[in-house]
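Encoded as structure tokens, the structure appears first; notes follow it.
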Amino acid sequence: MLDPRFRGSDIKECMENLDQIFVQAKRTVMNLAESVLPQPLVLLVSMLISIGVIAAIGPVIMMYLTWLERKVVGRIQNRIGPNRVGKFGLLQPIADGIKMLTKEDIVPEGADHILHFLSPVLVVVPALLVLGLLPWGRNMAAVDLQVGLLLFFAITSTGTLSIFLGAWGSRNKFSLLGALRAVAQLISYEIPQVFSAVVVIMHTQTISIVEIVNAQPGFNWFVFTPWGFTGLVLFYIASVAECNRTPFDLPEAESEIVAGFHTEYSGMKFALFYMAEFLQVFSLSALAAALFLGGWQGPFLPSWIWFFLKTYGLIFIMLWFRGTFPRLRVDQLMGFAWKFLLPMSMINIVVVGIWTYASPIVAWVLGILIIAISFGVLAKLNTRYHIERNRKFILAE
Amino acid sequence: MIQLEEVKAELEKSLGVQTELSGSGLLVPKSRLLDVFKFLKENAKYQMDYISNLCAVDYLKQSQIEIVYHLYSMRNKTGPIGIKVRTDRQDCIVPSATPLFRGAEFQEREAFDLYGVKFEGHTDLRRILMWDGFEGFPMRKDYVHEDEDRYVEHP
Amino acid sequence: MTNTIETQTRPSLSTQQLEVSIGPQHPSTHGVFRMNVVLDGETIVKLKPVMGYLHRNHEQLAENMSWLGSMPYTDRLDYFCSMTNNIAYALAVEKLMGIDVPERAQYIRVIMAELTRLVNHTALVGFLLNDLGAFFTPVLYAFREREKILDLFESVAGSRMMCNYMRFGGVKLDLPDGFVDCAKAIVDNYPPFLEEMERLLTKNEILMARCQNVGILLKDLAVNASVTGPVLRASGVNYDIRKIDKYGIYDRFDFKVPLGTVGDVYDRYYVRILEMRESLKILRQAFKELSAGPVISQKGLIAAKSPRNMKVPAGDAYGRIEAPKGELGFYIVSEGGTKPYRYHVRAPSFINLTILEDMCLGHKVADAIIILGSIDIVLGEVDR
Amino acid sequence: MIAAFYLISVVLIVSAVLAVSLRNLIYCTLCASVVFISSAALFFLLKADFIGVVQILIYVGAVATLLLFAVMLTKNLVSRQYYVGQKRKWSYGIFTASAVLWVLIGSIRSQTNLAELVTADHQLSVVSLGKEMLTAFLLPFEVASLLLTAAMIGGIVIALEEKKKSS
Amino acid sequence: MWGTGVLKGMAVTIKNFFDTYTSKNGIFTVEYPEKRLPEKERFRNFPILVYDEKPEELRCVACDICAKECPPKCITIVKAKDAQGKPLKQPEVFDIDFTVCMNCGICEETCPFDAIYMDHEFELAEYDRMDALIYKKERLSRPWTHFEKIRPTDAKEINERRAKDATKTAAAVKPAPPQASNQQT
């Protein structure tokens with residue numbers, strides 16, 4: 001079965017070029033373009049290729065993320081999930097897409113038509129833009145900017161504006177409530193998110209995502225350090241809140257304010273909102289993987305397979321949250337961000353400070369100590385009044 | 001189980017109220033209704049602090065509407081005392097029990113909505129089951145069904 | 001509905017109050033029920049419940065039908081627990097007619113009542129968590145157990161939710177042969193399900209933070225507003241009609257009545273889980289003591305054969321039982337004819353709603369939804 | 001490069017004018033955020049990446065939302081679109097705008113040599129910016145942060161005062 | 001410690017997630033059109049009329065008891081007349097309005113001639129709301145063998161009882177008219 005002449009190093013070498021397969025593909029196309037087109041147009045072609053690939057991958061990722069979510073949450077609830085359309089329900093996303101296209105697009109009377117039309121577009125644009133910044137594999141990042149990480153946060157913060165405009169444009173009391181909650185939540189969770197990413201910037205002295213990933217070769221990812229693990233946990237919780245996912249899905253709380261900011265959207269506009277949410281889930285998980293889990297760094301498999309493995313691992317946790325947790329209330333949501341996540345991420349920065357200057361053993365011990373104590377103290381402070389852990393019940397005659 | 005005769009005697013003795021036994025309850029004159037309730041609620045022996053059921057019954061032949069109250073005591077867990085009040089079918093006004101028992105609030109609104117019994121002293125007496133624009137009292141025996149095909153303008 | 005927006009003037013910042021109608025079509029009002037809420041920001045300033053969308057005038061229907069004719073309609077009152085509705089109606093008419101119920105029928109009634117309590121409380125815990133935002137997981141775990149019990153009802157009475165199984169003087173048909181040990185198996189594997197739900201929910205910090213000290217109902221307000229059922233017991237009032245009236249053969253079983261201390265949504269949730277445990281105890285004792293024998297008394301059988309000429313002696317009677325949602329009572333006036341002269345249903349959900357506004361004032365919109373969920377209303381019973 | 005610059009500046013000017021003259025306030029804030037984004041694009045053209053990104057993060061992320069909140073809080077100003085300015089006011093506007101422009105151009109031309117600034121391709125790296133800020137410009141950095149904390153405390157006090165009054 | 005409740009909750013859901021793949025009763029959804037749940041014997045859906053041999057001779061004698069007993073009054077019966085106008089012991093018209101019937105089973109209980117029973121058939125979708133759902137006599141009638149197939153134990157009991165009544169009536173053939181008191185034990 002295996003060819004006897006096949007030597008061990010061949011496997012490593014075949015993995016090697018499997019890893020660079022996309023880069024080779026682009027280079028061949030580029031050589032072809034160079035020989036044919038004048039110089040400025042070549043630059044245009046290379047840009048078009050990356051943009052084209054990402055613009056194609058984005059919606060596909062989104063569609064199969066909806067499928068994955070329905071399957072995972074289904075299995076959590078002892079049911080099978082979609083399995084009628086296509087072999088394992090694999091054609092279900094396409095069926096949903098067609099349904100969304102054919103659904104009538106209702107604009108409520110008295111709604112602001114321009115805003116009602118513009119806001120889904122403005123929500124999807126940042127979600128798609130951000131995909132370009134992610135390092136999909138070894139030298140496969142579409143845009144390798146010096147200020148990559150900061151640009152990532154800048155682009156995601158523009159999403160808040162369009163959600164608010166969309167809700168304000170649809171003149172519906174429920175979406176107004178949803179908009180107020182959305183803006184409050186997105187702004188107050190951006191800060192802990194950026195702070196918990198500052199930890200990585202301080203350690204690697206750079207804010208370009210590609211270099212951060214390069215700084216974690218082989219297996220020594222940042223997550224295996226005390227500050228890295230807490231950084232990942234804090235960043236991940238903040239990004240769950242950033243994409244309005246389950247414990248924090250107040251802006252579109254279906255049991256309270258019908259569907260929050262996208263109550264009045266149907267058809268393709270609703271699909272755009274849906275796509276923006278799922279693309280944000282993907283991009284923020286990918287960023288968390290890049291910052292703390294070493295992006296595409298991995299011992300044996302080609303780099304982009306590692307990238308997708310880690311990202312879908314983190315996405316699975318988000319889907320797992322979706323199947324388990326009830327929703328927080330607005331004031332608890334705010335309290336959690338400002339009174340727990342923010343102080344924890346600041347303490348995390350202190351720990352990284354110690355980490356860079358102290359010797360490894362002292363840094364480890366001190367790091368774990370500080371984080372544990374601060375977690376305990378903050379938890380105590382936060383739940384002192386609200387939660388009565390075991391409450392007495394009388395079994396009367 | 002509380003014997004109604006004993007309650008009848010007790011009421012006569014302490015309040016001087018003439019009540020007579022009718023079916024499973026005591027028929028109380030409309031004017032003294034609230035005093036009877038207050039007495040039954042505060043009296044140490046009875047402590048009827050829970051009004052379980054309140055409903056109106058339409059006696060077309062005697063052209064009377066009877067309101068039936070069933071009182072229980074949650075404190076000393078004793079059985080029902082049925083109190084009945086009769087009013088004329090046309091201008092049926094009954095003192096409302098809501099000042100003493102908040103539990104009677106919705107049931108009195110339902111009696112007003114379906115039977116047209118006006119409870120004076122009730123905080124916001126409006127229709128509870130029918131929509132506001134509905135005329136007539138559907139549960140009365142002489143209620144004529146409007147024919148379903150006529151289109152009714154709903155607010 | 002006048003849509004007035006009072007602008008409350010405050011020196012620094014005059015904000016408008018938002019009038020929202022959490023209306024008949026809303027994902028978590030458990031049916032066609034509307035709450036007119038005046039909001040200041042997110043906190044509730046005024047809340048008026050509006051009902052009557054599902055009003056079918058069940059009481060007038062009963063006045064034009066034979067006594068047994070309205071038995072299938074009682075299934076549609078509280079469509080989650082049709083067996084207990086039937087029992088309550090049968091009890092009231094038996095009190096008026098003076099029919100006695102044979103031994104085996106009494107045990108079957110207790111078994112069916114407690115199984116219905118399990119079904120209702122399991123579904124409620126699921127729906128309460130659904131209002132809290134848990135995306136259908138607790139509901140589907142609860143429905144997994146509920147389906148097994150509904151299959152039992154189907155094998156006994158012929159239909160899962162509209163059982164129409166009780167007759168005056170006993171039950172319609174005897175238990176099929178495989179019923180008892182199948183029911184025993186379900187009752188035995190219920191505790192693991194309850195433990196799993198408790199592990200998933202009771203100590204969950206988010207649930208505790210959302211439910212504790214929310215919608216507190218004080219003892220005396222509860223008694224005065226004649227609230228009954230688990231909502232009353234969660235506020236600490238020891239009032240369970242199975243223990244007080246000892247109707248049927250409930251005095252032969254020993255079971256406890258769980259009481260809460262604070263009376264908030266968390267207590268109401270946990271009291272129902274404890275009540276499920278008590279029902280399991282009753283069921284085990286009932287299965288042990290179930291004896292053979294006739295299932296319907298002779299007088300009852302003749303009445304069931306030709307309901308149209310079954311006469312009930314003149315008089316009036318008020319029979320009540322401890323339904324899963326509270327005290328379900330039937331007040332019946334008969335003039336000796338084959339049709340009831342007056343037929344009134346004292347519905348627990350309808351009266352438990354009086355205190356909805358008192359509990360919701362000052363809370364947020366999200367709290368009002370779970371307070372409504374914790375009262376456990378079913379619109380078939382509220383609107384009759 | 002030059003074509004991109006002209007394109008972006010045209011977009012900037014048009015949306016700036018629109019931001020001032022539109023009736024519906026919500027559209028004004030939208031045009032304002034377009035102005036912010038196009039100015040960030042200009043910074044990118046000048047290869048000052050960090051400033052461009054911070055421009056997007058601060059202005060589009062926070063200031064635009066602030067503007068929206070301000071519009072939201074003004075009592076139903078938005079629904080009644082009414083036109084503020086009269087004809088006469090335009091002349092004042094143009095006069096002040098041209099005066100400011102003249103002062104700006106004068107000061108830039110006298111101090112630096114414009115051509116050399118544009119062609120200089122020194123790579124403004126974030127690291128050098130950070131070092132610069134914490135060494136040479138430490139004092140202004142501290143004063144600015146002091147100002148910010150004062151502003152935040154002011155905001156909290158107003159909010160707390162209102163909460164005490166309403167509860 | 002803060003957060004353990006949340007983790008325990010997640011442990012439960014992940015266990016259920018893997019149970020669906022590993023343990024036997026993890027997944028119990030019955031995929032309806034292909035696989036079906038076994039029907040309970042006493043399941044009652046819409047009523048059917050029963051005949052012994054020939055579909056014209058229904059057991060029903062048009063005594064109108066079930067029409068009077070039916071709570072929502074959805075049964076209409078017209079007695080059949082032979083040529084000379086003498087009423088026959090057969091219904092000429094017997095239709096049930098399936099939109100009104102709530103399959104409560106009271107007609108089955110009160111019918112003294114074992115003529116009407118509740119069927120197990122529940123796939124009754126129609127394209128036309130008005131007259132397609134008013135089932136005529138022909139569509140309602142089923143052979144007794146069908147009843148024995150779907151409800152074996154009840155059928156056995158009923159057959160015994162009918163056999164006993166038949167012998168009793170045969171024995172007391174003289175004065176007493178056949179009093180078929182139908183004991184539904």
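Throughout, a chain's letter reflects where its sequence line sits, starting with A, and its residues are numbered from 1.
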Which residue out of [options] racks up the most heavy-atom pairs below 4.5 Å with chain E?
options	value
C/Met65, C/Glu154, C/Lys203	C/Glu154
C/Ser66, C/Gly69, C/Ser70	C/Gly69
C/Val156, C/Leu201, C/Val295, C/Ile206	C/Val156

Practice problem: Just give me the residue among E/Cys70, E/Ala11, E/Gly9 that pairs up with chain C most often, heavy atom to heavy atom, under 4.5 Å. | Solution: E/Gly9

Exercise. Could you tell me which of E/Glu39, E/Met118, E/Glu69, E/Lys8 has the largest number of non-hydrogen atom pairs under 4.5 Å with chain C?
Key: E/Glu69

Interchain contact, [X] with chain C, by part (heavy-atom threshold 4.5 Å):
X	answer
E/Glu41	neither
E/Lys68	side chain
E/Thr13	both

Quiz item: Are E/Met102 and C/Asn164 side-chain neighbours, meaning at least one heavy-atom pair lies under 4.5 Å?
Solution: no

Quiz prompt | Side-chain touch C/Tyr73/E/Pro71, heavy atoms, less than 4.5 angstrom | solution = yes

Quiz item: Which atom names give the shortest non-hydrogen contact between E/Thr110 and C/Lys305, and what distance separates them?
Solution: CG2-O, 3.2 Å

Quiz item: Which heavy atom of E/Ile106 sits nearest a heavy atom of C/Arg167, and at what distance?
Solution: CG1-NH2, 4.5 Å

Exercise. Please look at C/Asp151 and chain E and tell me whether the side chain, the backbone, both or neither of the residue comes under 4.5 angstrom of a heavy atom of that chain.
Key: both

